[in-house]
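Chain A is the first sequence line, chain B the second, and so forth, proteins listed ahead of strands; every chain is numbered from 1. Since we're looking at a predicted model, the values are computed, not measured.
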Amino acid sequence: MPQHIEAQYQEILNEYVKKQTEQNLYVGQNFSRQLILENISPEEVISMHKAAIRELYSDLPDVVWHSFDFLIEMMINYGLALQERQSLLKRQEELKVEMDLAANVQETLLKTKLPSLDGLDIGLLSIPAKKMNGDYIYFVSDYDGYAGVAVADVIGKGLPAALCMSMIKFGMDSLNSSHAMPKDVLSVINRIVEKSVDDSMFVSMFYANYDASAAKLTYGSAGHEPAILYRANTGGFDELEAKGLLLGVSPAAVYEEHSVTLGKGDMVIMMTDGVTEGRTEEGFIERDVIYELIEQKKDEPAQAIVQHVYDELERMQNAELQDDFTLVIYKKV
Amino acid sequence: MPQHIEAQYQEILNEYVKKQTEQNLYVGQNFSRQLILENISPEEVISMHKAAIRELYSDLPDVVWHSFDFLIEMMINYGLALQERQSLLKRQEELKVEMDLAANVQETLLKTKLPSLDGLDIGLLSIPAKKMNGDYIYFVSDYDGYAGVAVADVIGKGLPAALCMSMIKFGMDSLNSSHAMPKDVLSVINRIVEKSVDDSMFVSMFYANYDASAAKLTYGSAGHEPAILYRANTGGFDELEAKGLLLGVSPAAVYEEHSVTLGKGDMVIMMTDGVTEGRTEEGFIERDVIYELIEQKKDEPAQAIVQHVYDELERMQNAELQDDFTLVIYKKV
Amino acid sequence: MSDQSSVEILTEWDIVAARQLGRNVAKELGFGTVDQARITTAISELARNIYLYAGQGRIEIQQLTENGMKGILIIAADSGPGIPDVRKVMEDGFTTSGGLGAGLPGVKRLMDDFKIETIQGEGTDIRATKWLR
Amino acid sequence: MSDQSSVEILTEWDIVAARQLGRNVAKELGFGTVDQARITTAISELARNIYLYAGQGRIEIQQLTENGMKGILIIAADSGPGIPDVRKVMEDGFTTSGGLGAGLPGVKRLMDDFKIETIQGEGTDIRATKWLR
Ligand SMILES: [Mn+2]
Ligand SMILES: [Mn+2]
Ligand SMILES: [Mn+2]
Ligand SMILES: [Mn+2]
């Protein structure tokens with residue numbers, strides 16, 4: 001124990017014992033912070049305390065000194081627990097570096113390119129709740145007037161999810177066509193997931209394909225959150241549902257496919273359950289809340305709308321995302 | 001603070017203050033362990049200590065009580081640091097579960113099928129040093145008389161390495177041909193790694209393609225450990241070297257390609273540096289040691305040979321693998 | 001029902017005043033020595049954050065009575081720059097390892113209930129409650 | 001140069017005897033109260049491990065003099081089953097979270113130097129040293 005620390009402790013303690021002001025305690029607590037930073041353990045604090053009192057009040061009865069000795073002994077295990085914290089913090093730091101690197105690799109590995117199609121305005125936002133994003137969006141487009149999009153949520157987070165996503169990406173790549181129909185896309189990816197991954201890994205996925213020449217959106221779902229259809233002429237909202245098992249449950253799963261034709265200003269809002277299952281202190285966020293948020297910005301570009309919905313929902317949840325948050329808007333302009 | 005704890009503390013303390021035996025301290029320290037387990041913070045211990053002393057020796061001067069109050073204040077930050085330890089321990093536990101699951105997914109995701117070719121006996125062993133394997137083997141074969149094999153070592157471990165491997169796998173899949181030539185395979189994968197992954201990620205890879213009809217093995221290397229050629233007629237060993245940069249260093253890297261024709265009983269032994277750079281207490285393991293181990297079992301099936309080499313090297317290293325260990329043998333029979 | 005009083009935070013001395021106010025209220029409500037110290041530490045941290053990062057602000061202490069329970073509410077409000085990444089400052093080890101003390105995760109641990117609202121460029125409002133048991 | 005003495009560990013009482021021996025030697029060598037308590041805790045953990053997992057064994061305490069430095073060496077030896085996975089028992093949180101106390105990582109932290117040799121089916125030999133500063 002450095003001597004200047006002991007001297008300072010004695011001085012602060014002496015002030016307090018004499019005057020007992022809040023100021024003394026404030027100084028003492030600031031000092032305790034410094035002690036922790038210098039890895040001074042609680043048993044050393046007690047020992048320093050005993051020495052300081054002994055110097056100031058040497059005539060106290062023996063019971064006082066014995067009682068401090070006992071406290072020192074009691075604090076040894078506390079001191080060890082604190083040292084453990086130090087090494088845990090260090091390990092967490094290392095893991096963080098690894099995670100950052102992995103998130104980086106994942107990002108470049110899984111990156112997707114927004115389709116650029118006349119008459120279609122696309123907005124996209126995907127915010128992970130933790131380091132790694134368990135939601136996945138992948139666009140398929142080859143400048144032939146089609147824009148496919150897969151919105152997937154891997155059940156399970158972190159690493160296993162990330163590995164699973166790279167599988168989905170390469171699966172989609174292997175289809176290699178932007179006019180592949182939703183039910184076929186879902187069947188193919190279902191077989192890949194079912195075959196390659198262990199039994200506890202499931203994926204929900206919404207696949208939609210937009211044909212610009214017909215302004216027609218065809219969609220299917222594998223156990224995924226329904227999309228929202230906004231009609232500009234009526235101002236009404238509808239859910240786009242399609243039946244289908246989660247990917248990876250059964251190799252024989254079949255998927256429905258439905259179509260809607262979009263008018264000017266109409267929007268299809270696709271999302272993961274992180275958007276709808278956000279929780280505030282008052283309970284789950286109702287779909288109506290989301291409708292209202294979209295309505296507020298309905299005349300703005302798709303990207304502004306997704307950003308607005310996110311900002312507001314984040315605020316309502318006290319900035320604590322429970323789940324990855326992903327929102328894609330296809331807006332006919 | 002539960003009352004029975006306070007009572008017990010007072011009793012143990014009282015015993016110690018009266019007798020000061022080692023037995024008392026032993027009991028006290030065991031008790032302190034229990035306190036930590038019940039998340040009782042150090043400031044609570046001091047407070048309990050003060051109360052116990054007060055009950056036993058109420059006539060001590062005020063300075064004693066003030067001194068305890070000061071200690072309580074000093075311990076608050078220590079208590080917080082301890083609580084942090086708890087949550088760090090919990091998080092570490094969660095991460096461990098995630099890592100296990102990821103290793104599982106990685107295994108199924110990256111699994112490869114041993115080619116089955118007349119006249120070729122293949123042995124394979126890949127043992128990770130930690131949870132996740134940073135070595136990667138992938139076979140390419142489509143029953144047309146060719147058997148390609150990639151032996152790769154990702155520089156870097158854990159997560160980023162795992163993600164990188166799935167990239168290699170799908171890259172190989174996209175080539176989709178078992179007669180692709182080594183220099184082309186290495187160029188393609190080099191561009192994928194270079195393009196998709198951050199600058200600190202490199203991969204060494206050996207690619208070999210065996211044409212059963214001509215008994216000809218063509219190989220190339222991207223900064224990888226040379227393979228070993230064993231000639232049955234002479235009993236001699238040779239190194240199969242080929243120049244080439246590590247994958248991911250430069251998009252313009254070009255790779256050499258060489259061929260050897262195998263006679264009956266000849267073997268090509270491919271490996272990662274975990275095999276050659278194993279360390280015993282006497283220093284690195286010499287190549288001669290590996291030649292000797294292969295020689296000892298040269299007439300046995302390829303799988304028995306790789307197992308023997310591993311068993312012996314593991315024994316020499318005191319069962320402590322420093323690096324992932326991967327060994328592949330192509331044996332002409 | 002609530003009873004309130006507050007301290008403007010401008011200098012380091014005001015941190016001590018806020019601590020004193022909080023400790024008095026906590027004592028009056030019947031909190032024990034350890035809880036008094038915890039509540040005071042939480043106030044100290046919040047006041048110090050204002051002093052260091054917002055420059056000025058206010059600590060308000062309210063006595064609460066709800067469903068027959070008594071409690072103390074600390075409000076720390078400032079019009080400073082706001083916290084750019086709340087999730088990050090709520091992370092363990094983020095503040096402590098930087099030597100900034102208990103930090104916001106510490107305040108959360110010291111109290112029973114913790115809420116934070118922050119808007120960039122507008123300021124931060126933190127509310128922390130502790131109930132008497 | 002070293003001076004030695006030892007305690008056979010068979011019952012829980014022997015743990016206390018080993019602690020006492022260690023504390024006496026530590027005190028005699030001139031270690032302060034905190035270091036005495038740490039050395040004693042390390043002995044306690046090691047003796048307890050023997051008592052719980054090996055059934056019986058021995059704690060030996062040696063006084064060391066090396067290059068003018070004085071120190072204390074604790075040897076804990078048993079012919080028990082050995083430790084199947086040393087890496088695991090040396091991991092943080094492995095033993096503590098199970099409520100087994102400081103565990104071997106704790107002993108390592110309490111002392112300056114720590115060596116373990118264990119052979120399955122033959123036993124374990126642990127040596128921990130602390131130098132007087
Ligand atoms: Mn998810
Ligand atoms: Mn989700
Ligand atoms: Mn490696
Ligand atoms: Mn290696």
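Counting heavy-atom neighbours within 6.0 Å of A:Gln3 CD, excluding the residue itself, gives a total of 12 or less.
The side-chain heavy atoms of A:Ile76 and B:Ser32, taken from C-beta on, include no pair separated by under 4.5 Å. Between A:Gln92 and B:Arg91 the shortest side-chain heavy-atom distance falls below 4.5 Å. Counting heavy atoms from C-beta outward, A:Val17 and B:Asp62 have side chains that stay 4.5 Å or more apart. In this structure the side chain of A:His66 reaches within 4.5 angstrom of the side chain of B:Gln20, judged on heavy atoms.
For a residue to count as touching a neighbouring chain, one of its non-hydrogen atoms must lie under 4.5 Å from one of that chain's; by this rule B:Tyr78 touches chain A with backbone and side chain alike. Looking at B:Tyr9, the atoms closer than 4.5 Å to chain A (heavy atoms on both sides) all sit in the side chain, from C-beta outward. B:Met75 touches chain A through its side chain: at least one heavy atom from C-beta onward sits under 4.5 Å away, while N, CA, C and O do not. Heavy atoms closer than 4.5 Å to chain A are found in the side chain of B:Ile53, but not in its backbone.
Contact count against chain B (heavy-atom pairs under 4.5 Å) is highest for A:Ala81 among A:Ala81, A:Ala52, A:Gly28. With respect to chain B, the highest number of heavy-atom pairs below 4.5 Å among A:Leu35, A:Leu82, A:Leu71 belongs to A:Leu71. Among B:Val63, B:Leu60, B:Asp69, B:Leu56, the residue making the largest number of heavy-atom pairs under 4.5 Å with chain A is B:Val63.
Relative orientation of the B:Phe70 and A:His49 rings is parallel, given thresholds of 30° and 60° on the angle between their planes.
With rounding to the nearest 0.5 Å, the separation of CG in A:Leu88 from OG in B:Ser87 is 9.5 Å. For the atom pair CD (B:Glu73) and CD1 (A:Ile12), the distance works out to 12.5 Å, reported to the nearest 0.5 Å.
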